[in-house]
Engineer: 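Before anything else, here's the structure in question.
Note that these values count all heavy atoms, side chains included, but never hydrogens, waters or copies made by symmetry. Given the structure is predicted, the values throughout are model-derived calculations rather than measurements.
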Amino acid sequence: MIITFTNAVVAKSSVKIDKKNDKPNLLFIMTDQQRFDAMSCAGNTVLKTPNLDRIAREGVIFKSNYSANPVCVPSRAILLTGRSSENVNVRGNGDYSSKDVPEVPTFDRILKKNGYAAEYYGKWHTPYQFTDCYDPNYSMYPPESIPIPESINDPMTDSPCKDRGNDKDELRYKDGENIQHMSSIYYGMVREIDDKVGEILNKLDELGLAENTLVVFTSDHGEMLGDHGMHSKSIFYEGGAHVPLLMRFPGRIKAGTVVEEPVSTMDVSSTILDYLGMSIPKSVLMDFMT
């Protein structure tokens with residue numbers, strides 16, 4: 001998902017920059033299922049993400065950012081509204097078409113009501129009302145270079161995820177070689193995202209917009225990728241819930257800032273509104289107080 005909010009006038013495929021309007025712009029980029037350590041700036045020694053590293057170097061990296069609900073549709077609803085799953089009645093992926101979702105403000109609607117031009121690209125996957133062909137010779141990240149998760153053979157004896165972890169369908173994720181091949185493909189896709197992020201950042205520079213643009217990069221949830229012998233999401237373990245959060249805003253966020261304290265994707269909406277000088281909805285503030 002990529003959402004842009006600018007002080008520009010958008011007409012068909014052309015964009016005219018309004019030089020008289022000094023409102024800051026927003027570039028919000030959210031990947032699907034990217035775990036926190038799938039970035040070189042997060043300590044990954046195999047995967048190289050120079051453009052994500054650039055955002056961290058020129059802005060801030062939140063080292064302990066956690067998805068408030070590591071499932072696609074609820075997580076995206078939380079990011080947009082700044083409210084919990086319970087408070088927006090979005091608890092699972094099937095709720096994207098639920099009639100029980102309340103009409104609540106989202107940060108994108110607030111910005112649009114305040115004069116921002118908005119464009120959206122990519123997968124939505126949240127309530128509307130808001131390889132067998134592997135060839136090692138072409139691999140960017142050779143499987144054998146990728147460490148096997150130390151917890152891959154965890155028996156899950158005292159884990160609430162024991163039944164899932166020992167399900168017969170999960171057995172292939174306890175195979176170290178299989179996980180290395182899976183990780184190789186996963187890393188390649190993350191690198192492709194990084195390349196595209198680089199193109200977008202360069203375009204901001206080319207248009208003279210970088211200095212007045214808040215850039216936010218995050219993900220809806222992570223990917224177990226063999227941790228504890230499991231895969232995918234929906235698990236409140238590090239692999240499933242720990243996700244990237246990078247921000248850059250020249251002159252307002254000190255370059256090279258590292259935040260170690262825990263934060264949540266539920267904080268993102270209010271943070272964006274705060275940086276762009278917008279009032280945070282009272283309904284969101286009430287959620288934090290109750």
Engineer: Can you tell if the side chain of Ile61 reaches within under 4.5 Å of the side chain of Leu245, non-hydrogen atoms only?
Structural biologist: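 Answer no - side chains too far apart.
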Engineer: Verify, without hydrogens or angle tests, whether Ser270 (side chain) and Ile280 (backbone) share a donor-acceptor contact under 3.5 angstrom.
Structural biologist: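 No.
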Engineer: Will you find, in the side chains of Asn44 and Tyr187, an N or O donor that is under 3.5 Å from an N or O acceptor?
Structural biologist: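 A donor-acceptor contact under 3.5 Å links the two side chains.
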Engineer: Is any NZ, NE, NH1 or NH2 atom of the basic residue among Arg248 and Glu58 found under 4.0 Å from an Asp or Glu carboxylate oxygen of the other?
Structural biologist: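 Yes, Arg248 and Glu58 are salt-bridged.
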Engineer: Between Asp195 and Arg191, is there a salt bridge with N-O shorter than 4.0 Å?
Structural biologist: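 Looking at Arg191 and Asp195, the cut-off is met.
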Engineer: Quick check: closest heavy atoms across Asn212 and Arg252, and the distance to 0.1 Å?
Structural biologist: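 So the minimum-distance heavy-atom pair works out to OD1-NH2, 3.1 Å.
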Engineer: Enter the distance from Arg83:CZ to Asn89:CG here, rounded to the nearest 0.5 Å.
Structural biologist: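 Rounded to the nearest 0.5 Å, the CZ-CG separation comes to 9.5 Å.
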Engineer: Is there a side-chain contact between Ser98 and Val90, using heavy atoms and a 4.5 Å cut-off?
Structural biologist: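 No, side chains not in contact.
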Engineer: Can you list the residues that meet the side chain to side chain donor-acceptor pair (under 3.5 Å) rule with Thr218, with sequence neighbours excluded?
Structural biologist: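 So Thr218 forms no side chain to side chain donor-acceptor pair (under 3.5 Å) with any residue.
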Engineer: So does Pro244 get a backbone contact from the side chain of Ser219, meaning a donor-acceptor N/O pair under 3.5 Å?
Structural biologist: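 Flag not set: sc Ser219 to bb Pro244 has no pair under 3.5 Å.
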Engineer: At their closest point, which heavy atom of His221 faces which heavy atom of Val243, and how far apart are they?
Structural biologist: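 His221 and Val243 have their closest heavy atoms at C-CG1, 3.3 Å.
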Engineer: Taking Gln180 for its side chain and Ile146 for its backbone only, find out whether a donor-acceptor pair lies under 3.5 Å.
Structural biologist: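 At least one qualifying donor-acceptor pair exists.
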Engineer: Mind checking whether Leu111 and Leu26 have side chains closer than 4.5 Å, heavy atoms only?
Structural biologist: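 They are in contact (side-chain heavy atoms under 4.5 Å apart), so the answer is yes.
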Engineer: Can you tell me if Gln34 uses its side chain to pair, donor with acceptor, with the backbone of Ala38 under 3.5 Å?
Structural biologist: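 Checked: pair present.
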Engineer: Can you name the side chain to side chain donor-acceptor pair (under 3.5 Å) partners of Tyr186, sequence neighbours left out?
Structural biologist: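 Checked Tyr186 against side chain to side chain donor-acceptor pair (under 3.5 Å); zero matches.
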Engineer: Roughly how far, to the nearest 0.5 Å, is CG of Asp108 from NZ of Lys113?
Structural biologist: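 It comes to 10.5 Å.
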Engineer: Calculate, to the nearest 0.5 Å, the distance between atoms CD1 and CD belonging to Ile179 and Glu177 respectively.
Structural biologist: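 Taking CD1 in Ile179 and CD in Glu177, the distance rounds to 11.5 Å.
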Engineer: May I ask whether Phe236 and Met156 are part of the same hydrophobic cluster, defined by side-chain heavy atoms of I, L, V, M, F, W, Y residues being less than 4.5 angstrom apart, directly or through others?
Structural biologist: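 Different clusters: Phe236 never reaches Met156 through Ile, Leu, Val, Met, Phe, Trp or Tyr contacts under 4.5 Å.
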Engineer: Would you give the length of the straight line joining atom CD of Gln33 to atom OG of Ser75, rounded to the nearest 0.5 angstrom?
Structural biologist: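 Going from the CD atom of Gln33 to the OG atom of Ser75 covers 11.0 Å.
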Engineer: Please assess Phe28 against Phe217 for the test ring-ring contact (aromatic ring centres under 6.0 Å, His included), listing each intermediate value before the final yes or no.
Structural biologist: CA-CA 6 Å; Phe28 179 84; Phe217 180 89; 9.4 Å; no
Engineer: Treating Arg35 as the side-chain partner and Gly239 as the backbone partner, does any N or O pair qualify as donor plus acceptor under 3.5 Å?
Structural biologist: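 Pair absent, no side-chain N/O of Arg35 close to backbone of Gly239.
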Engineer: Would you confirm whether Asp95, through its side chain, and Arg91, through its main-chain N or O, come within 3.5 Å as a donor-acceptor pair?
Structural biologist: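 Here the side-chain-to-backbone pair exists.
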Engineer: Search all heavy atoms of Ala68 against all heavy atoms of Ile78 and return the closest pair with its distance.
Structural biologist: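 Nearest pair, atom of Ala68 first, then Ile78: CB-CD1, 3.7 Å.
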Engineer: Test Arg109 against Glu103 for salt bridge (charged side-chain N to carboxylate O under 4.0 Å, His left out), laying out the working first.
Structural biologist: CA-CA 12 Å; Arg109 287 178 178 177; Glu103 187 65 32; 2.5 Å; yes
Engineer: Which atom names give the shortest non-hydrogen contact between Glu260 and Ser64, and what distance separates them?
Structural biologist: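 Glu260 and Ser64 have their closest heavy atoms at O-OG, 3.0 Å.
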Engineer: Specify the closest pair of heavy atoms between Pro70 and Ala241, including all atoms of both residues, with the distance to one decimal.
Structural biologist: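 In terms of heavy atoms, the two residues are closest at CB-CA, 4.3 Å.
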Engineer: If you measure only the distance, is there a donor-acceptor pair under 3.5 Å linking the side chains of Ser151 and Asp154?
Structural biologist: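 Per modelled atom types, Ser151 and Asp154 side chains form no pair under 3.5 Å.
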Engineer: How are the rings of His242 and Tyr66 set relative to one another: parallel (under 30°), tilted (30 to 60°) or perpendicular (over 60°)?
Structural biologist: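 His242 and Tyr66: parallel rings.
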Engineer: Please lay out, stage by stage, how Thr271 and Met247 fare under the test side-chain contact (heavy atoms from CB on, under 4.5 Å).
Structural biologist: CA-CA 10 Å; Thr271 301; Met247 294 185 179; 3.9 Å; yes
Engineer: Do Leu214 and Asn25 have side-chain heavy atoms sitting under 4.5 Å apart?
Structural biologist: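 No - every pair of side-chain heavy atoms lies 4.5 Å or more apart.
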Engineer: Measure the spacing between OG of Ser184 and OH of Tyr141 and express it to the nearest 0.5 Å.
Structural biologist: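 Interatomic distance, Ser184 OG to Tyr141 OH, rounded to 0.5 Å: 9.5 Å.
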Engineer: Taking all non-hydrogen atoms of both residues into account, name the closest pair between Ser269 and Gly82 and its distance.
Structural biologist: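 Shortest heavy-atom contact: CB-N, 3.7 Å.
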Engineer: Can any side-chain N or O of Asn65 pair as donor or acceptor with the backbone N or O of Phe62 at less than 3.5 Å?
Structural biologist: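 Flag not set: sc Asn65 to bb Phe62 has no pair under 3.5 Å.
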Engineer: Is there a path of hydrophobic side-chain contacts, each under 4.5 Å between heavy atoms of I, L, V, M, F, W or Y residues, that connects Phe36 with Leu52?
Structural biologist: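 Per the 4.5 Å side-chain linkage, Phe36 and Leu52 are co-clustered.
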Engineer: Among side-chain atoms of Asn51 and Asp194, is any donor-acceptor pair under 3.5 angstrom?
Structural biologist: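 Distance-only check passes for Asn51 and Asp194.
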Engineer: Between Asp32 and Asp220, is there a side-chain heavy-atom distance shorter than 4.5 Å?
Structural biologist: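 Answer yes - side chains close enough.
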Engineer: Do Leu79 and Ser67 make a side-chain contact, defined as non-hydrogen atoms from C-beta onward lying under 4.5 Å apart?
Structural biologist: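 In short, these two side chains do not touch, never coming nearer than 4.5 Å.
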Engineer: Which value, rounded to the nearest 0.5 Å, describes the distance between Leu276 atom CG and Lys23 atom NZ?
Structural biologist: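 Here the interatomic distance stands at 10.0 Å.
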Engineer: Heavy-atom distance under 4.5 Å between the side chains of Ile253 and Tyr275, does that happen here?
Structural biologist: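 Touching, per the 4.5 Å side-chain cut-off.
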Engineer: Can you hop from Ile152 to Val46 via hydrophobic side chains spaced under 4.5 Å?
Structural biologist: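 Same cluster: Ile152 reaches Val46 through Ile, Leu, Val, Met, Phe, Trp or Tyr contacts under 4.5 Å.
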Engineer: For residues Asn69 and Ser85, is any side-chain donor paired with an opposing acceptor at under 3.5 Å?
Structural biologist: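 Result is yes, a qualifying pair exists.
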Engineer: Does one side chain, of Thr106 or Thr81, offer a donor that lies under 3.5 Å from an acceptor on the other?
Structural biologist: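 Distance-only check fails for Thr106 and Thr81.
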Engineer: Give the intermediate values and the outcome of side-chain contact (heavy atoms from CB on, under 4.5 Å) for residues Ile200 and Leu27.
Structural biologist: CA-CA 9 Å; Ile200 295 171; Leu27 171 63; 3.4 Å; yes
Engineer: Is the shortest side-chain heavy-atom distance between Leu246 and Val60 below 4.5 Å?
Structural biologist: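 SC-SC contact between Leu246 and Val60 ruled out.
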Engineer: Do Asn93 and Val71 pass the side-chain contact (heavy atoms from CB on, under 4.5 Å) test, and can you show the C-alpha distance, the side-chain angles, and the key distance before you say yes or no?
Structural biologist: CA-CA 7 Å; Asn93 280 343; Val71 182; 3.2 Å; yes
Engineer: Would Thr49 and Asp53 count as having a side-chain donor-acceptor pair, cut-off 3.5 Å?
Structural biologist: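 The criterion, which ignores hydrogens and geometry beyond distance, is satisfied for Asp53 and Thr49.
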Engineer: Asn114 vs Met278, test: side-chain contact (heavy atoms from CB on, under 4.5 Å). Steps then yes/no.
Structural biologist: CA-CA 8 Å; Asn114 281 274; Met278 303 293 167; 3.6 Å; yes
